[in-house]
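Reminder, nothing fancy here: chain letters follow the sequence lines and each chain counts from 1.
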Amino acid sequence: MSAFDERRVALVQAEGSKRETATGYFLTGSLVLTAKHVGTSDSSFEVRSETGGAEKWSPATVVWTGAGNVDAKLLRTDRSFGDWEPPELRPEVTSGPWRSSGFASIAVDQHAGGPPDWKTLPLSGSLGLSGGQGQPLLALSLDQHMLESRISGWGGVSGSPIFADGAHGGLIGLITDASRGLANGLFGLPISQLAADIGFVSHLTPSFLGDLPQDPFCAVLTREGGSADLVATVANVLAGESATTFAGLHPEPVEIDVRSALGSVRNWVATVEALARADYLVADVTLFQPAVMLLLGIRSVLRRGVTVSVSGTGADPVAPADEELPFNVQETRLVPFSQDSSFYKRIHQALAEGAASLANDPAYLDLPAYHAVRVPRPESWATSDRDNVLVLCPYGFNYQKTFDRFYSMIKGATKAEPRRMLDLRSPRLVGQALYEEIRWASKCVVDWSHWRPNVFFELGVRLGCSDRDPLSIIDVSDQPDSADTSQKSLLVRLLQPVAYDPERLHEKKVVQLALADWAGRLATPSPESPPQVNDVSTLPSAGTFSAAQEAYRWQHDSALSRPDHQHRRRSEQILGADPIRLPERMILFAGNTAFDAALSAAAQENRIAQWLYLRHRAEADDPGLDELREELMELGPLVLEMLKGSSEPRHAGLRREVRGYLRQLADFERERTEHE
Amino acid sequence: MSEVADRLLRRVISAKALATSARDEEEWQESIDILRDAIGQARAAVANEAASTDESVKAALADLYGLLGGTWRRRGFKAPGAERRSYLTNSIEAYDEGFGYERDLEGTKDASTYNRINRLTGRVLLDAGTLSGGPHSGGPDSGLDIRRELVEAESIVRTQIETFRQRDPWAYCDLATIQLLAEPASGRGLATLQGLLRLRPQRFVLESTIATLEPLAEAAAEQRPGLVEAVAQLRREL
């Protein structure tokens, strides 16, 4: 039973280009469901609950937004207002009596000279499903009647929950709009559209990771059968260096147990989020277990670093022979695990050096793929994509026969040429070309047979960077039996590869049928809709991509870096951050006099560009004006230093401008200090 | 590096540029005030937990004191008699302060020998007799054994050049200065200058090295004739 609870009705205020008031409902103590159209992308939110003791307001952030025209969003309040379980979602209820309560503007209690009191207006009535074109809506008839002249008085009820009225109760939708023609009519969004969305459901049910820390944190990806000592050692490193190297980092590492990560769709989504958010990841790659490799592939799409791979935990060897190393990790440094203090030092050094390099070097990578999957689509993509299917599969004599049999089958179903990594024709380095293809290929088949680590890393990359799921297949002899509870079995349950018998491929039509079905779905993509959750243990279509897109820390994306920061970085790459103290040349062949002169000129131009951009911002009365002034005060002397001695008229003019501006800023600061 | 330290270092770099510019225009007091203000901020940061352990902040402090010492020195060269001596003494005090921070950084990526060398050259400028092992004629820490300090400094810079400062032009300038002061024979010092030139240093490095060696040559030409030759060689490269 899940009845409507008046205490969980929340007043939502959005502050942005315009101020709006609406209704929300606490699904948990800190998670508020409201309508998407409340506020804009630049709005800040505050939520009020009457149950919050003396402090009734809390800032809130948007944690999920409905896709397309799904008019719903979730806000998370900074503090919890109660120990509430999510209500039961009842998508099957589309008719009958309903009840709710909302902050309709008609119910505002006005005081002379004081702020108004927002009061809730109890709402009830009956509902039915409104079909026709577009997504279905709940048509709500109200017991309450609004005067026709006051129809705008419904303003504020958007986001009110719609509960089934009766013994069973349950959340069946939320109010999104008022009827234009009926004084007692409202419209609502059916809960079915939210219950089917992997992102929405993920927020409602707790994952094995619990709430991830809000501070920067380190995650430890542990393997099946690994040693608990790895997590303990990483915890010791973080604690031991918390005052210096890892200042500001959450003191406890977050363990991602690989089997738990595969245990349910919710856990999978939480794992993808953790991989996206973890500032550091220590991964146990001993034996290159498939699920660990898969998660590393996803991590390599989401973060440039810092990721450290550890090998040799438990009783297993530190590292296999070179020829057994998966192609994708051959260039990755493996830190050998040991029980002594040397491992502590090695892991500390790897994490600290990785972080320093990540901060200073835009090209830094500790896993492959991050840059390659961000390369623009090739010019020839339109034709090559139509004519080809990417096949990620094992290599070797034993598999070649299977592939030969598949070849015509895939070609027949897709009308396109199957291509493996070794068939790619791009002149790029093999790894680069592969990841680029993994990102852009519309059609991709992945053969899990032999459980090759390479293939699982590549599959992880594909799931993370493409919303077109590949068709997964597996040799029936490699499929774990149904009683198995190992990661392999969990992976099969989560991603549902199609099993085939290589000796009876043409006799049994399983793969042909799967290929035809998959190719058909690719040819007629469904309109934009969130991945549908059908089963708690099987990942919906594009589920990983959707989770990755939600969790991606876009704030780190280089495309967003400020133009003046880019110019500063370029200048510092040439001359260093402090060229007077450290005049050592870092650019290769800078001892060539002509090149050196050109480099100095380039550094100069970048500083000028940095100055001009900041000036433009300052003149435009940027909201961060104080900070801009400070930056200009710092930059001005560097520009003057760099232009010193130049006889170019434009440089002389700029020197005058910089000096004049610095004087103005100094006067401004002086006046402000005197005023204070 | 912490965010506090990063922000501070940017301010310090800017202050150094501003102070250098004022110094070049012989606006001595303005330059000194800018440096003292930056030193105050950096010392406050060192006293503050957030940046106290950051080596780069200590390196910045050492550098600021070095620049302050250099400004006092240049001011001294332009001043007459007693005033000159007073400014040169201020200069040595600034280098001594900087040396305090510099010493903590030995063996780190931020290691430098600028203050270590200039606290010695400053004393030579006050009294060239110290090169012959004679007693110090006033100035701070008059008991300092310049010749022994030069030997120790040479060993340190040599080790640094063999390792992480192999392409740092300042290390070669420091080593050449030490070698030219340490012995009457000029061979080793001039060879080190050749090493510096092979790095193709930027012009301001050569100008700064000349600015260090030239007054020393004037003060100690008799005991150390190689100084004159070194200045002439560097001038030819400008």
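The pair B:Glu149-B:Arg123 does not count as a salt bridge, with every side-chain nitrogen at least 4.0 angstrom from each carboxylate oxygen.
Side-chain contact of B:Arg73 with B:Asn118: a donor-acceptor pair under 3.5 Å is present, judged by distance alone. For A:Arg585 and B:Gln202, the side-chain atoms include no donor-acceptor pair closer than 3.5 Å. Defined by atom type and a distance below 3.5 Å, a donor-acceptor pair is missing between the side-chain atoms of B:Ser31 and B:Arg75.
If you measure heavy-atom distances from A:Leu638 to chain B, the contacts under 4.5 Å come from both the backbone and the side chain. Using a 4.5 Å cut-off between heavy atoms, B:Leu199 contacts chain A through its backbone alone, with no side-chain atom that close. Within the 4.5 angstrom heavy-atom criterion, only side-chain atoms of B:Asp63, from C-beta onward, approach chain A. With a 4.5 Å cut-off on non-hydrogen atoms, A:Ser600 does not touch chain B at all. Proximity to chain B involves both the backbone and the side chain of A:Glu584, based on heavy atoms less than 4.5 angstrom apart. Neither the backbone nor the side chain of A:Met642 comes within contact range of chain B; no heavy atoms are under 4.5 Å apart.
Between B:Tyr65 and B:Tyr101, the ring-plane angle classifies as parallel under the 30° and 60° cut-offs.
Interface summary for chain A: among B:Ile13, B:Asp24, B:Asp168, the most heavy-atom pairs under 4.5 angstrom belong to B:Ile13. Interface summary for chain B: among A:Lys644, A:Glu630, A:Glu641, A:Arg581, the most heavy-atom pairs under 4.5 angstrom belong to A:Arg581.
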Set out, in order, the CA-CA distance, both residues' side-chain angles and the distance that settles ring pair (Phe, Tyr, Trp, His ring centres under 6.0 Å) for B:Trp28 and B:Tyr87, then state yes or no. CA-CA 11 Å; B:Trp28 308 115; B:Tyr87 291 153; 8.7 Å; no
